[in-house]
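Worksheet for the structure shown next.
In the text below, chain A, chain B and the rest are named by the order of the sequence lines, each starting its count at 1.
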Number of protein chains: 2
Amino acid sequence: MSALDDELDYKILKLLQKDGRMSFTEISKEINVAVSTIRHRYINLVEDGILKIIGRVDPNKIGFNAYASVLISVKPKSFMNSIFEELTKLPEISFLALVSGDFDVEANVMCRDMEHLNELLSDKIHVLEGVFDTKTNMYMKIYKFSQPDLELAKLSSK
Amino acid sequence: MSALDDELDYKILKLLQKDGRMSFTEISKEINVAVSTIRHRYINLVEDGILKIIGRVDPNKIGFNAYASVLISVKPKSFMNSIFEELTKLPEISFLALVSGDFDVEANVMCRDMEHLNELLSDKIHVLEGVFDTKTNMYMKIYKFSQPDLELAKLSSK
DNA sequence: AATGAAATTTAAACCAT
DNA sequence: ATGGTTTAAATTTCATT
């Protein structure tokens with residue numbers, strides 16, 4: 001059973017998604033269920049890996065001024081696994097995925113500035129065996145960076 | 001002054017980044033500062049928009065099985081603003097940015113399945129005035145989805 | 001801005017249904 | 001799986017430096 005088949009889990013997730021530090025007491029008042037029930041549900045949601053409370057730090061406000069998408073074409077394809085292994089280690093990479101289309105890999109990188117980005121590309125990425133071609137596009141302005149909308153997921157289980 | 005010029009803010013951010021529900025008491029024990037100091041710092045970090053505690057919900061575990069990147073070419077360019085305005089409203093879009101390169105806009109979308117994604121593209125995106133061309137690539141496997149590495153930012157203020 | 005201490009609120013653990 | 005009760009712990013407020 002998915003968590004969102006359950007109305008109670010859904011309500012808890014929705015509240016904590018907005019404010020990760022909301023107390024169980026407050027949540028219980030909001031949705032009229034006993035505090036201990038909320039707490040049990042919360043523990044299960046976290047244990048099941050559905051929910052994780054994190055402190056999100058604004059990259060711009062701490063000095064990351066070069067946010068870019070690096071698309072990578074891997075040839076020969078036998079290097080795919082080792083490339084993912086190596087890229088995962090790079091601290092600048094905040095998002096790494098196997099992607100369909102003209103390229104094989106998409107890596108989103110957070111760098112302090114262009115110099116840092118350039119160094120990352122030439123010294124850490126281009127040198128990897130199997131990196132045949134790359135294409136780097138800058139994210140010039142972020143308009144939205146939000147969480148999955150639970151309303152949309154909810155419909156799926158009906 | 002950036003938050004990371006300050007060793008104390010940095011330590012607080014680093015701990016809360018990992019566990020957003022860590023108590024101020026525990027944080028204060030970890031870094032040997034009075035609880036009330038931690039709390040004051042925390043309030044300032046949140047007020048300044050540097051830190052926000054959120055509940056992160058795993059998209060896969062709640063029924064989002066089609067995660068894709070939609071690149072959009074806008075012509076004529078005068079439609080750029082209205083397109084961003086309209087796209088921001090779409091709940092499926094979790095990331096929206098102005099991007100350099102062959103396209104103008106990158107939107108990352110979370111859909112329940114291919115049918116949902118197809119409907120989103122044809123009924124909500126392709127119909128917008130100024131959307132000249134789009135290119136959709138599927139994220140087939142996510143290897144990493146992490147927060148900005150504070151170590152890298154820290155160096156910038158030295 | 002940082003701290004210590006007191007008052008209030010919350011979380012945790014336990015047990016029962 | 002839910003909920004009530006008790007004990008321990010954390011938060012909040014306030015006063016002080």
Grab the OH-C1' distance between A:Y42 and C:dT10 for me, whole Å please. 14 Å

Using atom CG of A:D19 as one end and atom C1' of C:dT10 as the other, report the distance to the nearest whole Å. 15 Å

Contacts of type side-chain hydrogen bond (donor to acceptor under 3.5 Å, both in side chains), residue A:T25, not counting sequence neighbours: none

Send over the distance from B:N32 CG to C:dG4 P, rounded to a whole Å. 12 Å

Sub-3.5 Å donor-acceptor pair from the side chain of B:D149 to the main-chain atoms of B:E151, do we have one? yes

Could you list all N or O pairs between the protein and nucleotides 13-17 of chain C that sit under 3.5 Å apart?
none

With sequence neighbours excluded, tell me which residues meet side-chain hydrogen bond (donor to acceptor under 3.5 Å, both in side chains) with A:Q17. none

To the nearest angstrom, how far is B:I43 atom CD1 from D:dC14 atom C1'? 14 Å

Report the distance from atom CD1 of B:I27 to atom P of D:dA10, rounded to the nearest whole Å. 11 Å

Parallel, tilted or perpendicular, judged at 30° and 60°: which one describes the rings of B:Y143 and A:F84? parallel

Rounded to the Å, how far apart are B:M22 CE and D:dT11 P? 11 Å

Integer-rounded Å distance: C:dA2 P and B:F24 CZ: 15 Å

Taking all non-hydrogen atoms of both residues, which atom of B:H126 and which atom of B:V131 are closest, and how far apart? CA-CG1, 4.3 Å

In whole angstrom, give the distance that lies between atom CG of B:L16 and atom P of D:dT11. 10 Å

Please tell me which of the listed nucleotides, C:dT10, D:dA1, D:dA10, lies nearest to the side chain of A:N44? D:dA1

Quick one: on DNA chain C, does A:T25 or B:V33 contact a more 5' nucleotide (nearest heavy atom)? B:V33

Any donor-acceptor pair under 3.5 Å from A:S122 side chain to A:N118 backbone: yes

When B:L8 and B:R21 are each assigned the nearest nucleotide of DNA chain C, the 5'-most assignment goes to B:L8

Taking the six-membered ring of A:F24 as reference, does the cationic atom of B:R21 (NZ for Lys, CZ for Arg) lie under 6.0 Å from its centre and within 45° of its axis? yes

Of the nucleotides C:dT10, C:dA11, D:dT2, which one has an atom closest to the side chain of A:T37? D:dT2

